[in-house]
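So that the names make sense, note that chain A is the first sequence line, chain B the second, and so on, each numbered from 1. Since the model is a prediction, treat every value here as computed from it, not as a measurement.
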Protein chains: 2
Amino acid sequence: MARGEKRPVTVHTIAKHVGVSPSAVSTVLANRHEERRLAPATVEKIRAAVRELGYVPNIAARRLRAHDPEVHHHELGILTSFEAPVFLVSRVLRQVQRLADARTGAGRRYSISIEMFHAGRLRAMPGLLNASRFNGVIVTNTVPEDDAFLAGTTLPYAVVVLGRRLPNYCCVLDTPGEIGRKAAEILLKGDCRSPVVLTPALLTQSTAERAEAFCATVRAETGREAARVAALGFTPANGAEALRAHLGAGRRCDGLYAVTDSLALGAYQAIKDAGRRIPKDIAVVGVGDHEHADFFDPPLTCVGPSNDTIVEQVVTQLFYLMTHRRVKPVEIFVPPSVVRRASA
Amino acid sequence: MARGEKRPVTVHTIAKHVGVSPSAVSTVLANRHEERRLAPATVEKIRAAVRELGYVPNIAARRLRAHDPEVHHHELGILTSFEAPVFLVSRVLRQVQRLADARTGAGRRYSISIEMFHAGRLRAMPGLLNASRFNGVIVTNTVPEDDAFLAGTTLPYAVVVLGRRLPNYCCVLDTPGEIGRKAAEILLKGDCRSPVVLTPALLTQSTAERAEAFCATVRAETGREAARVAALGFTPANGAEALRAHLGAGRRCDGLYAVTDSLALGAYQAIKDAGRRIPKDIAVVGVGDHEHADFFDPPLTCVGPSNDTIVEQVVTQLFYLMTHRRVKPVEIFVPPSVVRRASA
DNA sequence: CGGAAATGCTAAATCGATTTAGTCGCAAGC
DNA sequence: GCTTGCGACTAAATCGATTTAGCATTTCCG
């Protein structure tokens, strides 16, 4: 049982409680009491105390003691917010592991983990500031509060930021302006006259810029304004609901740009339910952040960040920073990828 | 630059190299040299040595030193293989975080991370055996080699296994037999006469049992054999290709059970391309392991593990084990969830 | 010229767990 | 009677980094 607000239980606590030395406790914890000939009665007393006091070993201490002093251990982290989808993150992890495996050898070892923070609460993640958790991190899916935190301190280890532009860090970025523009061009070239852009109500920097560039392009090319439809959240259900409302109100729409694929998926449903056909009545463009955009019905035309390139860049940068400790942060812009499929 | 096979560089190495004490080095590393009045020349020499020797701080040591001795730190891990999709894993993480947040307080803190291993190489994950990485873990997406490893040793901390049955651990399991049976029943009740089961060529324990139970039920109810179609892999493209071959060869099919939703998604495409309608010509049943099964066109009827329940159970068990150190391992079977949608 | 203040650094303790090299009694053996 | 051996345990070193307290010098100022 945990003891309210007392100091954590350590081997010393237990040792004192039982009246033996910490070594004896440790011996029992490691199940070495046979070979080290502890009296069965003592072992039982120690076991009882461990249970009674609710001992939880200190991992940092164990690791320090357990590690082989001949090998260099590197801790890498991929930090992302809970609120964001893990699709891209898991690809990043796989790529990090690939490079790490390649340089793992006799004296070198890597641990890679994904850790999540509540959007806006990155600063609360323990060990970030005092560098006591990672030798290098990739940070992604931050919100402005997190960005402000990062911009305010220069973390003293390798940091690569994915999807945000921060002056003091190495950043890998897509080009939402270009993406929005190209999406608009595709729709307009397909003779779309009443373009609509579907966004979540809470815009991230990326989604805002995509939508903005889309509207600006429409304005520049046609002199008219694109309609903006805001979904409550990021899910297909949110997208479906928002677009259903738009179409149901009799508003025009013959071309749709959804700033995330999940919204596009919801939009598909709303469009079909309204008896419209894709792309004949309404052409749809997504961004390609969904694993299976290719299997939407019809397959979704996508204009968006080139994930392959982004993943590769971000991981390459991380390893570069870790070996070469660069002084100047760099910004890497990854041009959009355009995949024409049947939906526009 | 890393120095080949030498011992890792520590603050001592650097101190000796420069001719100062480790404290001075540490001071510079923490950027406290101003307030502690180190001579600028010394600072520069130390910085140069840090760069030259390629110093990488030991995280375990930093953590041990940095942590507040008043707070109890708990390390939780979710271990999964690279080769598996992260959909369920990310849900597990969110749920773990929820419970952890609920019990985080003054003297208590949790760190939760996802770590991945190569399928079959779980044993190679450092710190598992000597308990130097986690106070508790959820293990999932193991393959038989990993299971053998786990079965062979009883890890001395809280372990919950998701999706595998191991005698010495607390396991949370779906019931693939029941799932396969119910899937068959749904199709047969819909007057399906030529049922087909679509599986990946490399069957996992779960997918094998689902398919097996499906076929057994068909046999028992109708006296005929269900056709088995094997896809090369787990992706929609694999599923589409396999089913296309089946339909193209003129083989019968008026009801399909796909043992993963990604295969079902591919099957949708093959079916539509062949000019058949869902569910009129071919009814389709999936398992509900895809986030957006609800937005397939038509929405996918699913008979599969009840992910909500599984996630909840697995996390509850983890926290239970961590506080109560149970002696007897338990097996928790989660009954299937059936979600009727339009596809069958 | 003497004392105070500033400068520039180091020794040693610390974090928590593990392990090596003993220590201390007591019984058995010669 | 003295050694040997064993049973049951402990003291102290260790892992690597950080921090506190403090020790020499040198400089400043009246």
Side-chain angles (χ1 to χ4, degrees), chain A residues 7-16 18-46 50 53 55-73 75 127 129-133 135 156-157, chain B residues 7-16 18-46 50 53 55-73 75 127 129-133 135 156-157:
Chain A
R7 250 177 163 238
V9 178
T10 71
V11 281
H12 288 263
T13 325
I14 296 168
K16 208 160 285 170
V18 177
V20 294
S21 74
S23 350
V25 177
S26 177
T27 299
V28 172
L29 287 172
N31 270 311
R32 317 282 290 268
H33 50 276
E34 303 266 288
E35 62 180 272
R36 293 203 192 136
R37 300 175 314 219
L38 286 208
T42 316
V43 173
E44 252 333 295
K45 273 193 286 182
I46 293 175
V50 165
L53 299 175
Y55 171 71
V56 178
N58 180 313
I59 290 301
R62 277 216 175 141
R63 279 231 276 165
L64 176 56
R65 189 59 233 255
H67 88 128
D68 177 350
E70 300 286 318
V71 321
H72 223 141
H73 212 106
E75 290 285 326
L129 271 172
N130 58 12
S132 67
R133 266 200 96 80
N135 298 116
Y157 44 95
Chain B
R7 251 176 163 240
V9 178
T10 71
V11 283
H12 287 263
T13 324
I14 296 168
K16 208 161 286 173
V18 177
V20 294
S21 73
S23 352
V25 177
S26 176
T27 300
V28 172
L29 287 173
N31 269 312
R32 318 282 291 268
H33 49 277
E34 303 266 289
E35 64 181 86
R36 292 202 195 138
R37 298 175 317 219
L38 286 208
T42 315
V43 173
E44 253 331 297
K45 273 193 285 181
I46 293 175
V50 166
L53 299 175
Y55 170 71
V56 178
N58 180 312
I59 291 301
R62 277 218 175 135
R63 278 231 277 166
L64 175 56
R65 189 59 232 257
H67 89 128
D68 178 350
E70 300 286 316
V71 321
H72 223 140
H73 211 106
E75 290 285 326
L129 272 173
N130 58 11
S132 66
R133 266 199 96 80
N135 297 118
Y157 44 95

Take B:D68 and B:S21, find for each the nucleotide of DNA chain C with the closest heavy atom, and name the residue whose nucleotide sits nearer the 5' end.
-> B:S21
Looking across every strand, which nucleic acid part, if any, lies under 4.0 Å from [X] by heavy atom: base, sugar-phosphate, or nothing?
| X | answer |
| --- | --- |
| A:S26 | base |
| B:S23 | base |
| A:R32 | sugar-phosphate |
| B:V25 | nothing |

Can you find a side-chain donor-acceptor pair between A:S26 and A:S23 that sits under 3.5 Å?
-> no
Would you kindly compare B:A30 and B:A61 by the position of their nearest DNA chain D nucleotide and give the one closer to the 5′ end?
-> B:A61
Are A:Y55 and A:V25 side-chain neighbours, meaning at least one heavy-atom pair lies under 4.5 Å?
-> no
Check whether any side-chain heavy atom of A:L53 sits under 4.5 Å from a side-chain heavy atom of A:I14, and report yes or no.
-> yes
If only atom types and distance count, is the side chain of A:N135 paired as donor or acceptor with the main-chain N or O of A:Y157 below 3.5 Å?
-> no
Show each protein N/O and nucleotides 21-27 of chain D N/O combination with a separation under 3.5 Å, one pair to a line.
none

Could you check A:V50 against A:L29 for side chain to side chain contact (heavy atoms under 4.5 Å, CB included), going step by step and ending with a plain yes or no?
-> CA-CA 9 Å; A:V50 165; A:L29 287 172; 4.1 Å; yes
Could you list all the side-chain hydrogen bond (donor to acceptor under 3.5 Å, both in side chains) pairs where at least one residue sits in residues 60-69 of chain A, not counting sequence neighbours?
-> A:R63-A:E75
Closest heavy-atom pair and its distance - A:N130, B:A66 = ND2-CB, 3.6 Å
Phosphate oxygens OP1/OP2 of D:dC9: is one of them under 4.0 Å from a side-chain N or O of A:T42?
-> yes
Is the CD atom of A:E34 crowded by more than 12 outside heavy atoms at less than 6.0 Å?
-> no
Covered region of DNA chain C, 5' end to 3' end, by chain B [heavy atoms, under 4.0 Å] = C:dT7 to C:dG16
